[in-house]
Amino acid sequence: MEKLYIAGKEQVFPHPLRMGTYNSKYHVVLLKASSKEIFNENVFMFDAQGNFLWQINKAIIDKYKTSKIEPFVYAEFEQDGSDYQLRLWNWGGWKVSLDPKTGEELSYEFTK
């Protein structure tokens with residue numbers, strides 16, 4: 001188990017942290033699973049107060065995976081007017097843009 005404090009609230013995760021990034025409204029955390037376990041649902045979103053918003057939807061993962069193990073490996077926020085979009089990249093070369101409030105898919109692009 002891995003612990004992380006976001007806005008003073010303890011969050012506990014089932015795997016070690018791969019990376020995290022934040023802005024004034026959101027915090028996103030990507031986890032790293034062991035090579036012995038398939039864990040593609042490795043993206044967790046929180047608001048700036050440390051409240052859990054969502055975990056990546058399995059339907060999004062399944063849509064963009066080309067192999068059995070296809071976690072997201074990088075995340076960044078891009079300002080979109082007065083709000084943000086979350087951009088995620090997976091091992092297979094897909095970049096997926098999500099609404100950080102809901103986790104809903106906004107767009108996708110193959111980058112390899």
Side-chain angles (χ1 to χ4, degrees):
M1 295 295 204
E2 184 86 11
K3 292 181 183 179
L4 176 68
Y5 289 87
I6 298 174
K9 293 183 179 177
E10 182 181 77
Q11 308 296 336
V12 180
F13 300 99
H15 297 283
L17 301 177
R18 172 178 293 281
M19 70 163 294
T21 189
Y22 64 95
N23 59 42
S24 62
K25 294 183 176 184
Y26 307 104
H27 294 259
V28 65
V29 175
L30 275 64
L31 302 184
K32 176 174 56 176
S34 74
S35 59
K36 298 175 185 174
E37 183 179 355
I38 297 171
F39 183 68
N40 295 324
E41 296 91 354
N42 69 323
V43 180
F44 296 80
M45 181 65 70
F46 300 86
D47 66 18
Q49 291 74 43
N51 299 306
F52 174 75
L53 297 178
W54 51 264
Q55 182 177 358
I56 188 88
N57 185 313
K58 186 167 176 10
I60 292 173
I61 294 163
D62 290 345
K63 186 175 179 181
Y64 300 108
K65 75 178 185 184
T66 55
S67 67
K68 198 172 188 179
I69 300 174
E70 196 92 20
F72 288 94
V73 295
Y74 185 75
E76 70 180 21
F77 289 102
E78 183 173 300
Q79 190 142 14
D80 183 21
S82 63
D83 210 348
Y84 295 89
Q85 285 188 12
L86 174 66
R87 307 224 190 281
L88 298 170
W89 284 262
N90 72 5
W91 276 351
W94 287 99
K95 177 176 81 171
V96 183
S97 296
L98 304 176
D99 181 332
K101 291 183 291 276
T102 64
E104 185 176 343
E105 179 184 320
L106 301 172
S107 65
Y108 61 91
E109 174 184 358
F110 189 70
T111 60
K112 281 189 178 181

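We number each residue from 1, following the sequence as shown. Values in this document were obtained by computation on a predicted structure and should not be read as measured data.
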Exercise for the section: Quick one: list whatever passes ring-ring contact (aromatic ring centres under 6.0 Å, His included) with W94, sequence neighbours left out. Expected result: Y64, Y108, F110
Practice task
Identify, with sequence neighbours excluded, every residue that meets ring-ring contact (aromatic ring centres under 6.0 Å, His included) alongside F44.
Solution key: F13
Exercise for the section: Mind listing the closest non-hydrogen atom pair of P71 and N42 along with its distance? Expected result: CB-ND2, 3.7 Å
Handout entry: N-O pairing of E109 and K95 below 4.0 Å
Key = yes
Completion exercise
Those residues at least two apart in sequence (or on a different chain) that pass side-chain hydrogen bond (donor to acceptor under 3.5 Å, both in side chains) with E104 are none
Problem - Min side-chain heavy-atom separation Y22-I6 under 4.5 Å - result: no
Practice task
Taking all heavy atoms of P100 and all of Q85, pick out the closest pair and write down the distance.
Solution key: CD-CA, 4.0 Å
Handout entry: Set of residues satisfying side chain to side chain contact (heavy atoms under 4.5 Å, CB included) with respect to Q79, sequence neighbours excluded
Key = Y84
Problem - Closest contact, heavy atoms only, A75 versus L30 - result: CB-CD1, 3.6 Å
Exercise for the section: Evaluate the side-chain proximity of K101 to D83: yes if any heavy-atom separation is below 4.5 Å, no if none is. Expected result: yes
Practice task
Check side-chain hydrogen bond (donor to acceptor under 3.5 Å, both in side chains) between R18 and all other residues, then give those that pass, not counting sequence neighbours.
Solution key: none
Problem - Any L98 side-chain heavy atom under 4.5 Å of N57 side chain - result: no
Exercise for the section: Using the test side-chain hydrogen bond (donor to acceptor under 3.5 Å, both in side chains), find all partners of E41 that sit at least two apart in sequence or belong to another chain. Expected result: none
Problem - Between K9 and N51, a side-chain donor and acceptor under 3.5 Å - result: yes
Practice task
State, to 0.1 Å, how close W54 and I56 come at their nearest heavy-atom pair, and which atoms those are.
Solution key: CE3-N, 3.6 Å
Practice task
Identify the two heavy atoms, one from A7 and one from G50, that lie closest to each other, and give their separation to 0.1 Å.
Solution key: CB-N, 3.8 Å
Problem - Closest contact, heavy atoms only, M45 versus L86 - result: CE-CD2, 3.5 Å
